[in-house]
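First the proteins, then the strands, lettered A, B, ... as listed; each starts at 1.
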2 protein chains.
Amino acid sequence: MDARAICLAVLSMGDASGYEIRKSLESGPFGSFTDAGYGSIYPALKRLSEEGMITGRQESQEGRPDKTVYSVTQKGKLALLDILHEAPSVERLTSDHLFRLFFAELLPVRMVEALIEERIAHYRTKIAQMREGRERGHGSPGADFVCGFGLALYEAGAHYLEEHKHALLAAIAIDGEAPPAAQQPDSALPSQAAE
Amino acid sequence: MDARAICLAVLSMGDASGYEIRKSLESGPFGSFTDAGYGSIYPALKRLSEEGMITGRQESQEGRPDKTVYSVTQKGKLALLDILHEAPSVERLTSDHLFRLFFAELLPVRMVEALIEERIAHYRTKIAQMREGRERGHGSPGADFVCGFGLALYEAGAHYLEEHKHALLAAIAIDGEAPPAAQQPDSALPSQAAE
DNA sequence: TTCGGTATATATCGGTTCGATATATTGCCG
DNA sequence: CGGCAATATATCGAACCGATATATACCGAA
């Protein structure tokens with residue numbers, strides 16, 4: 001799933017400019033499980049256009065600079081179908097928050113608390129937005145399914161953080177008084193286990 | 001959180017070779033929320049070594065090729081602490097599965113079913129592994145917290161998929177008989193809404 | 001003995017992406 | 001007028017991905 005696939009997917013749901021594609025990734029239904037920045041979107045749009053998978057037209061607007069709005073061609077729709085039929089290969093989560101929470105005992109308690117609160121707030125905001133969007137009307141079966149899935153995960157995440165926050169803070173408040181001792185995972189380093 | 005931070009983090013929990021770092025990301029506690037391939041790990045180790053944050057020593061093994069095992073230096077530990085104190089910036093999920101499920105009505109029912117089953121199996125396997133690892137002994141408070149968080153999310157994900165699978169399959173079996181009509185998200189493309 | 005496959009172990013490469021930055025247009029406000 | 005924000009497009013260097021390459025060691029089959 002590269003930037004071209006992402007652009008095709010967004011455009012398959014309606015015409016858009018490069019800027020709008022980016023905006024829809026930031027706050028639309030796609031953004032939860034994919035992302036692409038301007039640095040990828042614009043070259044991708046250029047290539048898709050050269051390959052005849054999308055066509056662009058210039059549009060003037062009142063009070064705003066002109067924009068190029070892209071439509072997906074029949075060729076582009078077929079290409080998107082091909083992509084969807086390929087075996088999925090990428091499942092990846094990158095989380096700076098979890099990375100820091102993993103080493104919570106090395107951080108000040110106040111900071112760990114802030115990290116958790118921040119994440120709870122983020123989830124709760126997301127949940128409210130998605131709930132609102134769902135009430136306004138439903139999308140396709142697939143979009144609904146994925147939205148429901150996202151809601152379920154956000155709910156579970158928020159709930160876990162709310163329920164276990166105090167236990168972690170209590171544990172590191174005690175641990176924080178001991179010298180920082182790096183704990184060793186049990187099976188991640190087989191050569192260590194062999195020693 | 002770049003490859004250098006990841007290597008420092010893994011090494012802070014015990015000495016390891018480049019290969020072992022990669023293996024620990026594939027199946028250790030870190031791999032759920034971060035990742036790095038050989039293409040990033042080896043250049044990062046080289047740089048960290050040049051910067052005096054890690055030291056490498058050659059080790060011979062029986063029945064296996066020699067390896068270079070890296071240890072983190074005091075300088076490296078301080079650098080990791082600095083990194084942990086920086087504000088978190090990256091939270092990203094990329095999921096080929098969800099991307100395809102979003103367009104479920106464009107895909108054959110059998111394929112959608114397989115995608116979902118595959119994901120359920122993956123979650124259930126992960127859950128079992130993590131449960132097993134937890135029984136064997138506990139890690140640091142932070143590691144336990146993050147592990148519990150991961151478990152909660154996997155459980156929620158598996159449960160949602162199991163509970164809603166049939167509804168989606170039923171919906172697209174009906175929809176699959178209509179001409180594929182791209183549905184338009186309601187608020188993702190403000191310029192469309194304006195038209 | 002040789003070959004193919006697998007595991008361990010390290011390294012590299014071209015294409016892609018990220019994140020930041022730059023530029024341009026338009027409007028608003030002090 | 002200048003600064004700021006929003007819209008809109010484009011670019012750039014550093015970093016990364018995914019594939020590939022190479023090397024060592026072992027095992028089993030032909």
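- Neither OP1 nor OP2 of dT9(D) sits under 4.0 Å from any side-chain N or O of Tyr19(A).
- Partners of Arg100(B) under the side chain to side chain donor-acceptor pair (under 3.5 Å) rule, at least two apart in sequence or in another chain, do not exist in this structure.
- We find that CG of Leu45(A) is positioned 15 Å from P of dT16(C), with the value rounded to whole Å.
- Arg124(A) meets the side chain to side chain donor-acceptor pair (under 3.5 Å) test with Glu155(A), Glu162(A); sequence neighbours excluded.
- Arg47(B) comes within contact range of the sugar-phosphate backbone alone, with a heavy-atom separation under 4.0 Å but no base atom that close.
- For Leu48(A) and dT9(D), the CG to C1' distance is 16 Å, given to the nearest whole Å.
- In this structure, CD1 of Ile41(B) is placed 13 Å from P of dG18(D), rounded to the nearest angstrom.
- By the side chain to side chain donor-acceptor pair (under 3.5 Å) test, Thr73(B) pairs with no residue at all, sequence neighbours left out.
- By the ring-ring contact (aromatic ring centres under 6.0 Å, His included) test, Phe149(A) pairs with Tyr160(B), sequence neighbours left out.
- The distance from atom CD of Glu91(A) to atom C1' of dG18(D) is 16 Å, rounded to the nearest whole Å.
- Taking atom CD on Glu59(B) and atom P on dT8(C), their separation rounds to 16 Å, with Å as the unit.
- Atom pair Arg22(B):CZ and dG18(D):C1' shows a separation of 10 Å (rounding to whole Å applied).
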Nucleotide by nucleotide, nucleotides 18-30 of chain C touches protein heavy atoms under 4.0 Å in the pattern (B base, S sugar-phosphate only, - none) SB-----BSS---
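- Judged by closest nucleotide on DNA chain C, Tyr42(B) is the one of Tyr42(B) and Met1(A) placed further toward the 5' end.
- When rounded to the nearest whole Å, the span between NZ of Lys67(B) and P of dA11(C) equals 15 Å.
- The number of heavy atoms from other shown groups lying within 6.0 Å of NE2 (His85(B)) is above 12.
- Distances were taken from every side-chain heavy atom of Lys23(A) (C-beta onward) to each of dT9(D), dT7(D), dT10(C); the shortest belongs to dT7(D).
- Under the 30°/60° scheme for interplanar angles, the aromatic rings of Tyr19(B) and Tyr38(B) are found to lie parallel.
- A sub-4.0 Å separation between OP1 or OP2 of dT10(C) and a side-chain N or O of Ser17(B) is present.
- In this structure, the CD1 atom of Ile21(A) is 14 Å from the P atom of dT17(C), given to the nearest Å.
- In terms of the side chain to side chain donor-acceptor pair (under 3.5 Å) criterion, residue partners of Gln58(A) (sequence neighbours excluded) are, by chain and number, Thr68(A).
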